[in-house]
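Here is the structure we will look at, set down as structure tokens.
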Amino acid sequence: MPPDSPPVAVPAPDIPESATSTPPGLIALFVAFAKMSLAGFGGVLVWARRGIVDQHRWMTADEFNETFALCHFLPGPNIVNLSVVFGSRFRGIPGGLAAFAGLVGPPVVVVTILAALYARYGEIDALRRILAGVSCAAVGLLLSAVFRMMMPLIKRRDLIGLVILAAVFIAVGLLRLPLPAVLLVASPVSIAISFVVRRRVA
Amino acid sequence: MNSDANPILTLAWTFGVMSLFAVGGANAAIPEMHRLAVDVQHWMTDKQFADVFAISQLSPGPNVLIVTLIGYSVAGVAGALVATLAMCGPTAVLAYYVSRFLTRSSRSRWPAIIQAALVPLSIGLMGASGLILALTADRTWAGALVTAVAAALAFATRLNPFWLLLAGGCLGFAGVI
């Protein structure tokens, strides 16, 4: 379990006494994921790591990274995949469903209420102006996430990666080609290239 | 093509398929959502799409909930639920089986290779999302400036994104944008 993490000053805030905590039950899974999800503005990942690794100690940091890497390479919303994989690892399919319901259920209620408010009041001028301002800032946040993700490629001088990145950007962003078609071409090409590159390095 | 089909079924089919192609998460699928919702199905206008993105960023929870909002605007509460489940369900089932398979044969190096290969793709897709949303949201120079400043601040600092969204909302309310 997690003895590889050095015994730093951990005052064990709200863990009963067991450092290697017992596997969570269905209700604990639901509640934990609901909390992470409702705390997460602009992405839940940070809160998921904090909850699973630091607070509940259900996984070590390495286990969490491995699980997240798996969920990142699968299609679909990463954090949703993570909740299912995580929950089912402890409690089988019911555990996966409990974590999924906790992650998605409560915020869906919030968002649906917001959607109803928007449908009713969306044309009010003040609200229109506020939303216009929020969307400008929200686009900025998205762009900053793109730059953050690009930094490792730039630092590594990963020219092939940057060319693939640019090609996908042009195909989807400028030419507006359908996503499945672009992926059916780009993924095999990219996988083949990185396979060849790895073999040459190894 | 299937414009007179049941909207709920169209939602389920559209997002169910998208779920399996959304490499790099929900934000990378935004160009495809925009193409389908605005250009193909005519569920909403460009401006409404920008609004829906703003609302989804303002609310807590995973980014994927933008599909809940699109679903609601098409077919009310039922549409919201169907769109959400369709976008999350297929990939969740896939994730369950792949993770079980991999924990049994954990020595394989294919996951690492595939993952490394998909990283540039998903960044390119997110960049395309940024471009498409910037074209719909930034209708004025002031708006584009707000986007640029928010991007720079979020990139260079550890500021909670919520404050940037709030500041954007205040500037919008004041009529600057």
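Naming convention: chains lettered A, B, ... in sequence-line order (proteins, then strands); numbering from 1 in each chain. Below, all heavy atoms of this structure are taken into account, side chains as well, without hydrogens, waters or symmetry copies. Values in this document were obtained by computation on a predicted structure and should not be read as measured data.
The candidate from A:Phe147, A:Phe100, A:Phe169 with the greatest count of non-hydrogen atom pairs under 4.5 Å with chain B is A:Phe169. Contact count versus chain A (heavy atoms, under 4.5 Å) is highest, among B:Thr68, B:Leu118, B:Thr84, B:Leu125, for B:Leu125. Most heavy-atom pairs under 4.5 Å with chain A: of the set B:Gly130, B:Gly127, B:Pro31, this distinction falls to B:Gly127. For chain A, the option among B:Val40, B:Leu81, B:Leu121 with the highest count of heavy-atom pairs below 4.5 Å is B:Leu121. When the candidates A:Ile93, A:Ile79, A:Ile170, A:Leu184 are compared by the number of heavy-atom contacts under 4.5 Å with chain B, A:Ile93 comes out ahead. Per-residue heavy-atom pair counts under 4.5 Å with chain A were compared for B:Ala22, B:Gly71, B:Ala152, and the maximum is reached by B:Ala22. The choice from A:Ala137, A:Pro106, A:Ser83 that makes the most heavy-atom pairs within less than 4.5 Å of chain B is A:Ala137. Interface summary for chain A: among B:Leu65, B:Asp138, B:Val149, the most heavy-atom pairs under 4.5 angstrom belong to B:Leu65. No other option in A:Val139, A:Leu114, A:Val84 has as many heavy-atom pairs under 4.5 Å with chain B as A:Val139. The greatest number of non-hydrogen atom pairs below 4.5 Å with chain B, out of A:Ile193, A:Leu183, A:Ile164, is found for A:Leu183. Comparing B:Ile132, B:Val17, B:Leu69, B:Ile66 by how many heavy-atom pairs each has under 4.5 Å with chain A, the most go to B:Ile132.
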For A:Val111 and B:Tyr72, run side-chain contact (heavy atoms from CB on, under 4.5 Å): C-alpha distance rounded to whole Å, both residues' side-chain angles, the deciding distance at 0.1 Å, then the answer. CA-CA 10 Å; A:Val111 165; B:Tyr72 185 91; over 6 Å; no

Are B:Met33 and B:Phe49 close enough, and set up right, to give a side-chain contact (heavy atoms from CB on, under 4.5 Å), and what steps lead you there? CA-CA 9 Å; B:Met33 291 180 199; B:Phe49 191 87; 4.1 Å; yes

Are A:Met151 and B:Phe155 close enough, and set up right, to give a side-chain contact (heavy atoms from CB on, under 4.5 Å), and what steps lead you there? CA-CA 11 Å; A:Met151 287 314 284; B:Phe155 182 73; 3.9 Å; yes

What's the verdict on side-chain contact (heavy atoms from CB on, under 4.5 Å) for A:Leu162 and A:Arg157, showing C-alpha distance, side-chain angles and the deciding distance? CA-CA 9 Å; A:Leu162 289 171; A:Arg157 306 234 171 91; over 6 Å; no

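Residues B:Val23 and A:Ser187 form no side-chain contact, since every pair of their non-hydrogen atoms from C-beta on lies 4.5 Å or further apart. Residues B:Leu9 and B:Trp13 are not in side-chain contact: their nearest non-hydrogen atoms beyond the backbone lie 4.5 Å or more apart. Annotation: side chain of B:Trp163 is not in contact with side chain of B:Leu153 (no heavy-atom distance under 4.5 Å). Residues A:Phe33 and A:Ile52 are in side-chain contact: their nearest non-hydrogen atoms beyond the backbone lie under 4.5 Å apart. Side-chain contact between A:Pro107 and B:Pro62: present, with at least one pair of heavy atoms (C-beta onward) separated by less than 4.5 Å. Contact annotation: the side chain of B:Met18 approaches that of B:Met87 to within less than 4.5 Å [non-hydrogen atoms, C-beta and beyond]. In this structure, A:Pro77 and B:Thr91 have side chains that are in contact, with non-hydrogen atoms separated by less than 4.5 Å. Counting heavy atoms from C-beta on, the side chains of A:Val168 and B:Pro120 never come closer than 4.5 Å.
Interface remark: B:Ser73 contributes no atoms to any contact with chain A (heavy atom separation under 4.5 Å). Within the 4.5 angstrom heavy-atom criterion, atoms from both the backbone and the side chain of A:Val172 approach chain B. Proximity to chain A (any heavy atom under 4.5 Å) is shown, for B:Leu159, by neither the backbone nor the side chain. For a residue to count as touching a neighbouring chain, one of its non-hydrogen atoms must lie under 4.5 Å from one of that chain's; by this rule A:Val110 touches chain B with the side chain only. Proximity to chain B (any heavy atom under 4.5 Å) is shown, for A:Met36, by neither the backbone nor the side chain. Heavy atoms closer than 4.5 Å to chain A are found nowhere in B:Leu36, neither backbone nor side chain. For chain A, no part of B:Ala148 is nearby; none of its heavy atoms comes within less than 4.5 Å. With a 4.5 angstrom heavy-atom cutoff, A:Ala186 touches chain B via backbone and side-chain atoms both. Heavy atoms closer than 4.5 Å to chain A are found nowhere in B:Thr136, neither backbone nor side chain. When heavy atoms are compared at a cutoff of 4.5 Å, B:Leu171 does not approach chain A at all. Residue A:Ala116 touches chain B through both its backbone and its side chain, counting heavy-atom pairs closer than 4.5 Å. Within the 4.5 angstrom heavy-atom criterion, only side-chain atoms of A:Tyr118, from C-beta onward, approach chain B.
Within a 6.0 Å sphere centred on CZ of B:Phe173, heavy atoms belonging to other residues, nucleotides or ligands number 12 at most. More than 12 non-hydrogen atoms from other residues, nucleotides or ligands lie less than 6.0 angstrom from CG of A:Leu175.
Distance alone, capped at 3.5 Å, places no donor-acceptor pair between the B:Gln57 side chain and the A:Ala138 backbone.
Inspection of non-hydrogen atoms places A:Arg128, A:Arg129, A:Ile130, A:Leu131, A:Gly133, A:Val134, A:Ser135, A:Cys136 of residues 127-136 of chain A under 4.5 Å from chain B.
Using cut-offs of 30° and 60° for the angle between ring planes, the A:Trp58 and A:Phe86 rings count as tilted.
Taking the side-chain contact (heavy atoms from CB on, under 4.5 Å) definition, one finds that B:Ile123 meets it with A:Val146, A:Met149, A:Met150, A:Leu153, A:Leu165, B:Val119, sequence neighbours left out.
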